[in-house]
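Here the structure comes first, spelled out in structure tokens, and everything after it is commentary.
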Number of protein chains: 2
Amino acid sequence: MAVKGDETRARLVGAARTLVEAKGYHGTGLNEVLALADAPRGSLYHHFPGGKDQLVGAAITAAGREVDDVVADLVAGTPTSKDLVLGLLDALADRMVAADFTKGCPVATVALEVAATNDDLQALCGGVYAGWQRALADALRVDGHGSAEADDLAATVLALVEGALVLARAGRSRVPVEQVGRRIARLLDA
Amino acid sequence: MAVKGDETRARLVGAARTLVEAKGYHGTGLNEVLALADAPRGSLYHHFPGGKDQLVGAAITAAGREVDDVVADLVAGTPTSKDLVLGLLDALADRMVAADFTKGCPVATVALEVAATNDDLQALCGGVYAGWQRALADALRVDGHGSAEADDLAATVLALVEGALVLARAGRSRVPVEQVGRRIARLLDA
DNA sequence: CAGAATATGTAGATCGGTCTAGAGAGGACT
DNA sequence: AGTCCTCTCTAGACCGATCTACATATTCTG
């Protein structure tokens, strides 16, 4: 594939990412993606012959990688569980506020929309979450937690972050993130 | 309003609730609502002259009341924070599993879809969450928590429940709820 | 009887997918 | 160097289906 095609494809994925994160899978029309990406319809089907699902799949995969990178940065500092949850909360909340609440968890809206209705995208979203949880659990084991306990704690960290972002976006306010951050820090210090 | 109209209106709201919870606001078409409710199009616009947004608004309001009732039942037993979070997790997870993952938090999907794009529905969803958080905080104050601490802990309880449901629906598995339940119980016992 | 409620058709807009033509780039060959 | 060929990629028109809202006529109910 040539450089020109790579750029067009990347613009399409980026546009799809932005739109599905703000409005979900069903709320994103391909005409909007094309307009935002400044790409022609023929290119979309050339690069994504599977159509909308394949494009959104690529967007979710890229979104998963973005959070993988955030987690990897946190993990590189051999963090405690408290470091992990507060670091993730801050990173994703900063991003959300900077994007005027059009962003939150880059996967959640699509994941909820397709959970019971689209097997392929559901499996993809489920896999992205499982990967994040696994990375968190690995870091927690390095921090001294036992194997089963690390899994439970990783799920708890991830659930807290996801839930705080839902509340924050629903209320267009960073306050829930701050409340959760304060409280969980105290719980994890005890 | 007559009994007949009340029943039709209720069927429309119930159908909308079911569909938006499974597939979101944009993923739910009015023709589907009409089919599920067994109601004619004229009745929809008669009862909801504001159209789709008004219907979905009524669905979200009803969904909020459903969780209000769950919380009220839990609160009636003068619960600890642990009782609250585990009780909510169980009630909503049982419902999710019984509905084959078409249900989770009855408001979350719509809340995320409209967070940055539909001021009226965003305000409504935000208000529903605020109401739940307030009810939890009030119960935690009865349980002996200080005022500011109760707010933070209520937000944390609600975020945990919301996040656990996101993970569970994304993975079509109750396991995340169980993991979160075990871990938070230990944290709150400490 | 009057207002509530039902019933169904229509309209313009948008949807995702398909199709065909053509442009551009690079390599092989003369 | 020029030509031809092949592959990649762009470009935009078109299609049938679906979308939400509106309109009008009719039926139902208290």
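Numbers restart at 1 for each chain; the letters A, B, ... are given by sequence-line order, proteins then strands.
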Using whole Å, what does the distance between atom [atom2] of nucleotide [N] and atom [atom1] of [X] come to?
| X | N | atom1 | atom2 | answer |
| --- | --- | --- | --- | --- |
| B:His47 | D:dC22 | NE2 | C1' | 17 Å |
| B:Asp6 | C:dT6 | CG | C1' | 15 Å |
| B:Glu7 | D:dC28 | CD | P | 16 Å |
| B:Phe48 | D:dC22 | CZ | P | 16 Å |

Do any pairs count as a salt bridge (charged side-chain N to carboxylate O under 4.0 Å, His left out) and have a residue in [range], sequence neighbours left out, and if so which ones?
| range | value |
| --- | --- |
| residues 28-43 of chain A | A:Lys23-A:Glu32 |
| residues 129-140 of chain A | A:Asp138-A:Arg141 |
| residues 105-123 of chain A | A:Asp119-B:Arg172 |
| residues 84-102 of chain B | B:Glu21-B:Arg95, B:Glu66-B:Arg95, B:Asp90-B:Arg174, B:Asp94-B:Arg174 |

Encode nucleotides 8-24 of chain C as B, S and - characters from 5' to 3', where the letter depends on protein heavy atoms closer than 4.0 Å: B to the base, S only to sugar-phosphate, - to neither.
-> BB-----SBBB------
To the nearest 10°, let me know how far the axis at one end of the helix from C:dC1-D:dG30 to C:dT30-D:dA1 is tilted from the axis at the other, five pairs an end.
-> 10°
Pairs meeting criterion side-chain hydrogen bond (donor to acceptor under 3.5 Å, both in side chains) with involvement of residues 179-189 of chain B, two or more places apart | A:Gln133-B:Gln179, A:Glu149-B:Arg183, A:Asp152-B:Arg182, B:Lys82-B:Asp189
Pairwise side-chain hydrogen bond (donor to acceptor under 3.5 Å, both in side chains) hits with a residue in residues 154-169 of chain B, at least two apart = B:Tyr129-B:Glu162
For C:dA7, does OP1 or OP2 lie under 4.0 Å from any side-chain N or O of B:His46?
-> no
Looking at residues at least two apart in the chain, or sitting in another chain, which of them share a salt bridge (charged side-chain N to carboxylate O under 4.0 Å, His left out) with B:Asp68?
-> none
Members sharing B:Tyr45's hydrophobic cluster, built from side-chain contacts under 4.5 Å between Ile, Leu, Val, Met, Phe, Trp and Tyr, are B:Leu12, B:Val13, B:Leu19, B:Leu30, B:Val33, B:Leu34, B:Leu36, B:Leu44, B:Phe48, B:Leu55
Quick one: name the residues clustered hydrophobically with B:Val175, using the 4.5 Å side-chain heavy-atom rule over I, L, V, M, F, W, Y, and just say none if it's on its own.
-> none
Atom pair CG/CG of B:Leu136 and B:Leu88 - distance to nearest 0.5 Å = 6.0 Å
Would you give the length of the straight line joining atom CD1 of B:Ile60 to atom OH of B:Tyr25, rounded to the nearest 0.5 angstrom?
-> 11.0 Å
Which ones in residues 117-124 of chain B lie close to DNA chain D, meaning a heavy atom under 4.0 Å from one of its atoms?
-> none
